Amino acid sequence: MIDAAEILSDLTEPQRQAATHTDGPLLIVAGAGSGKTRVITRRVAYLVSLGIPPSSVCAITFTNKAAGEMKERVGKIMGRPVRDFGRLDQAWPMVCTFHSLCLRVLRHYAPMIGLPSNFSIFDSSDQSKLVKEATKILELSSTNFPAGKVHHTISGQKNQLITAAAYAQSVGDFYQRNVARIYIKYDELLKQNNALDFDDLLLKCVLAFRSHPPMLAELQERFQYLLIDEYQDTNHAQYILAHALAQKHRNICVVGDPDQSIYAWRGADIRNILHFEQDYPDAKVVKLEQNYRSTKTILAVASKLIASNKQRREKSLWTENEQGEKVKVILCQDEHDEAATVARMMKELHDQQNIGWNGMAVFYRINALSRVMEDALRRAGMPYVMARGVEFYNRKEIKDVLSYLRVIANPADEVSLDRIANMPTRGISDGSIKSLQGFGVSNGVGLWESFTRADQVPGMTTRAQGSVLKFVGLIESFRAKAQAGDVRALMEDVIRRSGYEEYLRKIGGDELEELANVNELISSAAEYDSEHPEGSLEDYLAGVSLMSDTDHLKDNGGAITMMTLHAAKGLEFPVVAMIGLEEGCLPHSRARESESEMEEERRLCFVGITRAEQRLIMTKALYRTIRGLRERTVTSPFLTELPADDVEVFDRTKLGGLDRGASSGYGSDDDIDDALPNKSQFKRGQLVRHPQFGIGKIAEISEVGSHTRAVIEFKNAGRKTLILQYARLEAVG
DNA sequence: GTCTTGGATATTTTT
DNA sequence: TATCCAAGAC
């Protein structure tokens with residue numbers, strides 16, 4: 001039995017309140033660095049210590065990584081590992097992602113809701129392929145309807161729980177009407193492939209809740225205690241899902257920080273957390289405001305910045321940590337100067353302050369900024385790692401092998417079938433595939449059945465038909481083998497007998513990196529087999545489809561970490577440098593036109609700042625070369641929002657070429673203000689020029705909070721609403 | 001089946 | 001400017 005007192009022994013009072021509130025809705029507003037993970041893990045353990053059956057506790061996270069960490073920590077506190085068989089019916093607390101939960105539900109209730117349980121899950125590249133196919137079938141131009149954009153729209157609709165039919169009814173203009181047609185076609189194709197996309201997992205689950213009340217009732221009974229992490233990043237579908245599950249017992253605990261919501265662009269709705277108390281008027285609210293991570297100075301800088309946001313709830317972070325050094329704001333000459341300066345400062349900290357390389361990080365808004373920084377570090381001989389997802393599961397060889405398995409498990413999966421039919425080459429040409437597809441269409445059968453009847457398909461040589469039938473025999477023998485449920489054995493057999501291994505050896509040269517990756521996949525399958533004695537190929541595939549591998553990027557082995565601000569969320573480093581604090585970069589140029597986007601950019605900046613424990617460096621380059629064009633930049637408004645007392649500005653742009661060691665040019669805030677456009681020159685009727693939209697006339701101008709917003713009629717680009725401080729407007733005449 | 005070339009395109013990224 | 005992708009050449 002776990003001892004409740006021990007679980008709670010090292011929690012502060014607010015943390016304790018959050019961990020021990022058992023019944024009724026609970027909102028934990030967890031400020032940056034306030035010990036959030038500690039609180040949630042203790043809470044789960046505490047619930048179990050009260051005698052609540054572990055299986056009735058469900059903690060939902062956003063990433064596999066977060067789920068994995070939480071599982072481990074909960075297991076540690078409970079004194080036994082949290083086992084996870086990837087199924088709905090298990091005796092441990094369920095700690096998983098939204099998608100994983102939905103997948104378990106859909107598979108568990110598949111017979112009830114009329115879903116074949118061997119469905120494939122399509123990842124984003126499969127999804128794009130289907131969107132392209134749908135666009136083509138409808139004879140729409142792929143230029144006017146680019147797959148990426150269309151898919152983003154469809155995904156957005158699904159996350160809003162808007163089905164294809166509903167979307168088709170609601171939309172008006174030409175573009176949307178056609179996207180709606182593509183959406184409908186795309187869904188048909190998914191169905192044909194017996195596949196769901198990521199968004200479907202959520203959508204179908206909610207739809208099943210609505211159409212099958214007994215199923216929902218069962219789940220509500222099962223999950224008496226719900227906990228949702230990173231609640232500020234939930235989208236509408238997730239919101240509905242969570243509340244549907246919580247409706248009966250109302251023991252829903254949500255944890256998050258509105259100030260760290262940075263995923264609106266993929267559907268996150270910050271209002272979910274801001275309005276929690278309207279959803280549950282009897283909710284208990286616990287604010288975790290003590291920060292254990294950063295110095296007083298860093299915290300002050302972060303707080304002052306985020307205070308400019310309106311879409312937030314008041315929260316005041318405080319810390320008992322030391323005051324710390326002032327935040328260094330460095331105005332650099334250009335990106336090379338910037339990179340060299342950051343490198344030099346980090347080297348100094350390493351050599352003189354004895355700070356390890358892995359205690360330092362460089363953050364940037366867009367990946368494009370990493371290049372020059374990387375060069376500078378390499379030239380200085382400093383170790384670094386780039387934390388962009390290595391994307392193990394997106395690698396060609398991994399996808400190829402998994403495609404074999406998917407075809408074996410799900411004969412309807414034509415996207416995978418098409419991928420592997422001639423991989424490695426076995427005499428099944430594109431032409432043959434076309435003939436097979438044609439046969440399928442005219443006989444009303446799927447592609448797989450066409451394959452099995454290749455000898456009846458016109459337009460193919462006997463030889464090609466033979467190749468196809470041989471392939472069919474191969475897959476069928478794999479299917480027979482799959483029955484045994486030994487995934488590793490099957491996978492090895494597939495790689496060997498399909499000729500894929502030989503193919504990799506042939507193309508691999510000396511490195512054989514691809515083969516090594518495939519071997520890693522085999523080991524992971526072996527692991528799956530041993531952990532899931534009752535497992536099946538279908539279960540394995542279901543689990544693996546939701547994997548990505550940001551988790552692979554830990555253990556940087558003593559190197560400076562470079563990453564985007566988005567990737568930095570949840571991490572912490574003694575020393576942080578944020579580069580590119582310029583208008584158009586942070587805030588990003590695409591976010592200039594609405595207040596809410598600006599606020600998200602500000603939150604992004606806030607997230608970056610609050611990653612720093614001891615020292616923070618923020619840089620800006622006066623000139624930056626973007627896409628080959630060297631342009632003078634404008635200082636980020638965020639820099640001007642920082643409290644002057646807590647920052648030290650070093651202006652390197654006035655050093656006149658002598659730069660070595662000259663980190664003394666102590667500038668004032670004027671330097672920053674000088675760089676901002678003077679807004680008073682703009683009034684109604686004024687003619688202006690915009691770098692993108694050209695010439696226009698200000699039709700309306702208004703103060704919105706701290707910003708001046710102008711509605712401008714552009715000659716060529718039409719009517720736009722711009723925020724003066726951020727739009728690089730030039731007065732004309 | 002692989003190499004070449006032209007054209008478009010250029011945030012952030014998990015599941 | 002650089003990179004990615006699709007379509008065409010060998």
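Because only heavy atoms are used, hydrogens play no part in the values below, and waters and symmetry mates are left out as well, while side chains stay in. Bear in mind the structure is a predicted one, so any value in this text is a computation, not a measurement. The sequence lines fix the lettering, A, B, ..., with proteins before strands; numbering per chain opens at 1.
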Engineer: Using whole Å, what does the distance between atom P of nucleotide B:dA10 and atom OH of A:Tyr364 come to?
Structural biologist: 20 Å
Engineer: Nearest whole angstrom, please: distance from the P of B:dA10 to the NZ of A:Lys149.
Structural biologist: 10 Å
Engineer: When the distance from CZ of A:Arg365 to C1' of B:dA10 is rounded to whole Å, what number comes out?
Structural biologist: 14 Å
Engineer: Within 45° of the ring axis of A:Phe209 and under 6.0 Å from its six-membered ring centre, is that where the NZ or CZ of A:Lys204 lies?
Structural biologist: no
Engineer: Starting from P on B:dT15, measure out to CZ on A:Arg104 and report it in whole angstrom.
Structural biologist: 14 Å
Engineer: Would you mind telling me which residue lines up with the more 5' stretch of DNA chain B, A:Thr425 or A:Phe62, judged by nearest nucleotide?
Structural biologist: A:Thr425
Engineer: How far, in whole Å, is B:dT14 from C:dT3 if one measures between their C1' atoms?
Structural biologist: 24 Å
Engineer: Taking atom P in both C:dC5 and B:dT12, what distance in whole Å separates the two?
Structural biologist: 14 Å
Engineer: Rounded to whole angstrom units, what separation is found between the CZ atom of A:Arg603 and the C1' atom of B:dT12?
Structural biologist: 13 Å
Engineer: Given atom CD1 of A:Ile626 and atom P of B:dT11, what is their separation to the nearest angstrom?
Structural biologist: 10 Å
Engineer: Base contacts versus sugar-phosphate-only contacts with protein, heavy atoms under 4.0 Å: please encode nucleotides 1-10 of chain C as B, S and - from 5' to 3'.
Structural biologist: B-S--S----
Engineer: Decide yes or no on salt bridge (charged side-chain N to carboxylate O under 4.0 Å, His left out) for A:Lys399 and A:Asp123, but give the supporting numbers first.
Structural biologist: CA-CA 10 Å; A:Lys399 296 194 77 160; A:Asp123 68 13; 2.7 Å; yes
Engineer: Do the side-chain N or O atoms of A:Asn422 get closer than 4.0 angstrom to the phosphate oxygens (OP1, OP2) of B:dG1?
Structural biologist: yes
Engineer: For A:Asp269, check salt bridge (charged side-chain N to carboxylate O under 4.0 Å, His left out) against everything at least two apart and list the hits.
Structural biologist: A:Arg271
Engineer: B:dT11 phosphate, OP1 or OP2: any side-chain N/O from A:Asn367 under 4.0 angstrom?
Structural biologist: no
Engineer: Run the salt bridge (charged side-chain N to carboxylate O under 4.0 Å, His left out) test on A:Asp233 and A:Lys569 for me, step by step, so that the C-alpha distance in whole Å, both residues' side-chain angles and the decisive distance to 0.1 Å come before the verdict.
Structural biologist: CA-CA 12 Å; A:Asp233 285 332; A:Lys569 189 161 136 191; 2.4 Å; yes
Engineer: Taking for each residue the nucleotide of DNA chain B bearing the nearest heavy atom, is the 5' side occupied by A:Ser429 or by A:Trp265?
Structural biologist: A:Ser429
Engineer: Classify A:Ser545 by what it touches in the nucleic acid, base, sugar-phosphate, or nothing, heavy-atom distance under 4.0 Å.
Structural biologist: nothing
Engineer: I want to verify a distance call: between B:dT11, B:dT15, B:dT13, whose nearest atom is closest to the A:Ala567 side chain?
Structural biologist: B:dT13
Engineer: Is there a side-chain contact between A:Thr564 and the phosphate of B:dT11, meaning an N or O under 4.0 Å from OP1 or OP2?
Structural biologist: no
Engineer: Nearest to the side chain of A:Phe198, which nucleotide is it out of B:dT15, B:dG1, B:dT13?
Structural biologist: B:dT15
Engineer: For the pair A:Trp265 and A:Tyr263, name the ring-plane relationship: parallel under 30°, tilted 30 to 60°, perpendicular over 60°.
Structural biologist: tilted
Engineer: Can you list everything that forms a salt bridge (charged side-chain N to carboxylate O under 4.0 Å, His left out) with A:Lys71? Sequence neighbours excluded, please.
Structural biologist: A:Asp84
Engineer: Tell me, with the steps shown, if A:Asp418 and A:Lys129 meet salt bridge (charged side-chain N to carboxylate O under 4.0 Å, His left out).
Structural biologist: CA-CA 11 Å; A:Asp418 182 54; A:Lys129 242 178 243 170; 6.0 Å; no
Engineer: Test salt bridge (charged side-chain N to carboxylate O under 4.0 Å, His left out) on A:Asp334 and A:Arg630 and set out the steps.
Structural biologist: CA-CA 9 Å; A:Asp334 59 15; A:Arg630 183 179 164 91; 3.6 Å; yes
Engineer: Can you tell me how far C1' of B:dT14 sits from CG of A:Asp233, to the nearest Å?
Structural biologist: 10 Å
Engineer: Which whole-number value in Å describes the distance from A:Met563 CE to B:dT12 C1'?
Structural biologist: 14 Å
Engineer: Indicate, yes or no, whether a donor-acceptor pair under 3.5 Å links the base of B:dT11 to the side chain of A:Arg590.
Structural biologist: no
